[in-house]
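Beneath this line is the structure, given in structure tokens, with notes to follow.
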Amino acid sequence: MTEERKHTISLLVDNESGVLSRVTGLFSGRGFNIESLCVAETLDPELSRITLVTRGSERIVEQINKQLNKLINIRKVIDLTDTEFVEREMALVKVRAKEEHRAEILRIVDIFRCKVVDVSPGYYTVEVTGSDEKIAAILSLLKQIGVKEIARTGAIALAREAKK
Amino acid sequence: MEVLKEEGVDTIFGFPGGVIIDINDELDKTDIRYILVRHEQAAVHAADGYARASGKVGVCLVTSGPGATNTVTGIASAYMDSIPVVVFTGQVPTSLIGNDAFQEVDIVGITRPCTKHNYLVKDPKKLAETVREAFHLARSGRPGPVLVDLPKDVSQSKISFEMPPPPKMKSYSPHTEPHKQQLEKAIKLILKAKKPVIFAGGGVILSGAYKELTKFAKKLNIPVTASLMGLGGFPGTDRLWLGMLGMHGTYRANMSTGACDLLIGIGVRFDDRVTGKIDTFAQNAKIIHIDIDPTSIQKNVPITVPIVSDCKIALKQLNKLIEKVDLKELLKSRPNWLKQIEEWKNTTPLAYEQTDIIKPQFVVEKLYELTKGKAIITTEVGQNQMWAAQYYHFDQPNHFITSGGLGVMGFGFPAAIGAQLACPKKTVIDIAGDGSIQMNIQELIVAVANKLPVKVAILNNRYLGMVRQWQELFYDKRYAATNMEHAPDFVKVAEAYGAVGLRATRPAEVEEIIKKALATPKTVIMDFVVEREECVYPMVPAGKAITEMLLA
Ligand SMILES: Cc1ncc(C[n+]2csc(CCOP(=O)(O)OP(=O)(O)O)c2C)c(N)n1
Ligand SMILES: [Mg+2]
């Protein structure tokens, strides 16, 4: 058995009801795991893109790719993992912002090139975009100050165009 | 209706209900034959049997809610065995969907994991196109069941109709042609192999590759085994035939698979009932695997040369490639291998001991003898199924119809009805267990009403025998929940339904009863009162290597 590894898979699917549940049903029914999943329409309103992050051995991920290909509503399956691609996640983090911590929070926001998108009495809401490592890093810093709640997207990804 | 005719539908199995009255009403005006079953599960099994015996797509029509949920077992069985069936379910009107309306159930949701694909048709304009797609999906590539859910308002609407062209689907184009390179790699392995074995599966039957496989095996002098689903894919009386592989496979099939240096899997999926303990399966062998479904390949066992292709096309091309090769040298080494296999066959053949109580194996042997091996055999599930597979030797494809993947008790009888409708001139026999037959016995009236001369041979051990066998071997003979002593009198049941009931209690009567049944042009139940505690051997205990067989 090869080692388990994270894979980012991009799917182009028919933009119809039920397609997402075909995908998630496949994963739960066959015991594959989904670490994150993002769906939205593409430029072509007939198609949606699902970006899915999963983890498994080569054998399992090969099965996942083949099984996804077999679903009738899936037009294209691209495993980006061993290709050049960009990947982003976003998180909204609501941090406790006591008087004495505000400067510190703003400094962190600055270093990580994030934004404060909402300010309310006692709380700042920070928007972070980047890799999951970056989000984990800023979260660990903000947690020391005090995080009330967070909302995170899964990863979205696109292949890089070949350089000429 | 027009689309159904265009797709070649001549028979529909169904049961009516509120939301499909309109469809039944229209259907009644056509010359499509409608078979009114007595339980929707049986409609799907019958369509499955019909599909397997005829090579066409089986079709069902049932109502919403309970009608739809009753089909699920049948659909799941057809899915596991890759059988082309289209199931039309009624649905509440689109305006009520999601409201927990009377007899509403999300059948598309329920059957998503056990159909090849399914549809909810919301727009009447899309109906014709969807139906064409459903048939296309069911029969092409790796076949399978497709469900089409029809809300009442959609089936009631009147629109102008134009036959849609054959479907071109953007996201579906099964790969049927093999890669040349892969074929060449395969040939190389085959030419090097000293101890090859061919392992054929349901894919050989489904793709109609019987002739090609037979030619291939004979030309290269390679012995052939098969999964339960592959029986009949290669002549069961040929000298190269090894018998079935797996948990209840023959000694020589399991031993030769254990010892072979090359295994050629054709249209198989290496199910756990065949492989036994997976890391010991064919452990000395390189494996060539031909299958139309890429997900079957590398799923359970590591494959040396994968070939994604329709089995028939791949075999045809392989046959062409070997025509050019000089096989003289190669074939010199074969006799040793075949001699070894012959030895396994002679030391440990399939065997049983006939006493003064009827042995179930004896009944199957007699059925084989008296039908000259030409009958279409369906089976229920359990010991009866395994004895049918072991002792009836199938020389032709599409003559053995069994619920292989799902193993549904109650499959055999409705499947026999479907097969008999597809092949009116053939003798069709359901080899049944006393437990299983009770799971769809209500269909007797369907056989009688349609004047179908289906024969049922109950191997009546008054036990859920296969489970009892496990209890005998692995649970210290604690027969919890498997005693079937309380059973109806099957002869009287037959008579109550207007069929013929016959019973044999002694070995000497078996032949006579079978002859009588075969000579009766009616639905006949034969009740064979057999040895209660007979076991199916060989048997590979679950989790053991297939070469570790219990022999008696
Ligand atoms: C619908 C269903 N329920 C339960 C089982 C589990 N099961 C497998 S074989 C078997 C016993 C079948 O008994 P019988 O039909 O009398 O056949 P025998 O093994 O005695 O020949 C059972 C209960 C099954 N396969 N299908
Ligand atoms: Mg029994």
Side-chain angles (χ1 to χ4, degrees), chain A residues 1-5 7 9-34 37 39 41-50 52 54 56-79, chain B residues 76 79 82 94 97-98 106-123 126 130 133-134 136-138 140-149 167-175 269-270 278-279 289 291-303 306 308:
Chain A
M1 262 304 176
T2 54
E3 232 175 275
E4 292 208 345
R5 202 154 67 99
H7 281 250
I9 300 172
S10 177
L11 308 171
L12 283 174
V13 306
D14 289 330
N15 187 6
E16 307 178 354
S17 68
V19 176
L20 183 60
S21 77
R22 284 182 206 278
V23 173
T24 53
L26 173 72
F27 276 74
S28 60
R30 293 188 179 270
F32 305 143
N33 73 46
I34 301 182
L37 182 141
V39 202
E41 210 176 273
T42 61
L43 287 179
D44 178 350
E46 274 192 10
L47 294 181
S48 293
R49 183 185 299 279
I50 298 179
L52 195 152
T54 180
S57 64
E58 286 305 309
R59 180 105 156 251
I60 296 290
V61 175
E62 182 183 334
Q63 261 301 308
I64 291 176
N65 276 296
K66 287 175 173 177
Q67 293 285 357
L68 286 168
N69 259 308
K70 200 166 143 181
L71 291 180
I72 308 292
N73 291 122
I74 294 194
R75 302 272 187 99
K76 205 164 179 187
V77 180
I78 312 154
D79 188 343
Chain B
Y79 182 66
S82 310
T94 42
I97 290 179
D106 174 15
I107 195 65
V108 169
I110 291 174
T111 59
R112 212 168 268 141
C114 61
T115 50
K116 183 168 171 185
H117 195 54
N118 57 20
Y119 297 90
L120 167 64
V121 184
K122 286 187 190 152
D123 177 357
K126 290 245 170 83
T130 305
E133 275 187 18
H136 174 59
L137 285 176
S140 63
R142 177 177 178 175
V146 178
L147 181 138
V148 183
D149 202 17
K168 272 202 208 92
M169 300 176 62
K170 282 189 190 140
S171 52
Y172 176 74
S173 54
H175 199 92
R269 56 188 175 85
F270 296 97
I278 195 88
D279 40 343
H289 187 187
D291 200 278
I292 194 156
D293 182 356
T295 66
S296 295
I297 291 174
Q298 310 282 22
K299 181 165 70 182
N300 298 334
V301 293
I303 302 299
V308 178

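Reminder, nothing fancy here: chain letters follow the sequence lines and each chain counts from 1. This is a predicted model, so every value here is computed, not measured.
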If one checks every heavy atom of B/Pro113 against chain A at 4.5 Å, the contacting part turns out to be neither
Less than 4.5 Å apart, side chain to side chain, heavy atoms only: is that true for A/Lys76 and B/Lys170? no
**Prompt:** Within a strict 4.5 Å, meaning less than it, do heavy atoms of the B/Pro174 and B/Arg142 side chains meet?
**Reply:** no
Can you find a side-chain donor-acceptor pair between A/Asp44 and A/Thr42 that sits under 3.5 Å? no
Bottom line for A/Ile72: the part with an atom under 4.5 Å from chain B's heavy atoms is both
### Message
With heavy-atom distances below 4.5 Å as the criterion, would you say the side chains of A/Ser21 and B/Arg112 are in contact?
### Response
yes
If one checks every heavy atom of B/Leu137 against chain A at 4.5 Å, the contacting part turns out to be side chain
B/Tyr119-B/Glu133 side chain donor-acceptor pair, cut-off 3.5 Å
yes
When the 4.5 angstrom heavy-atom criterion is applied to A/Glu62 and chain B, the contacting part is side chain
Is B/Asp291 salt-bridged to B/Arg269, going by a charged N under 4.0 Å from an acidic O?
no
Among A/Arg22, A/Arg30, A/Gln67, the residue with the most heavy-atom pairs under 4.5 Å to chain B is A/Arg22
Under 4.5 Å to a heavy atom of chain B? For A/Glu46 that would be side chain
Applying a strict 4.5 Å limit to non-hydrogen atoms, the region of B/Asn118 in contact with chain A is both
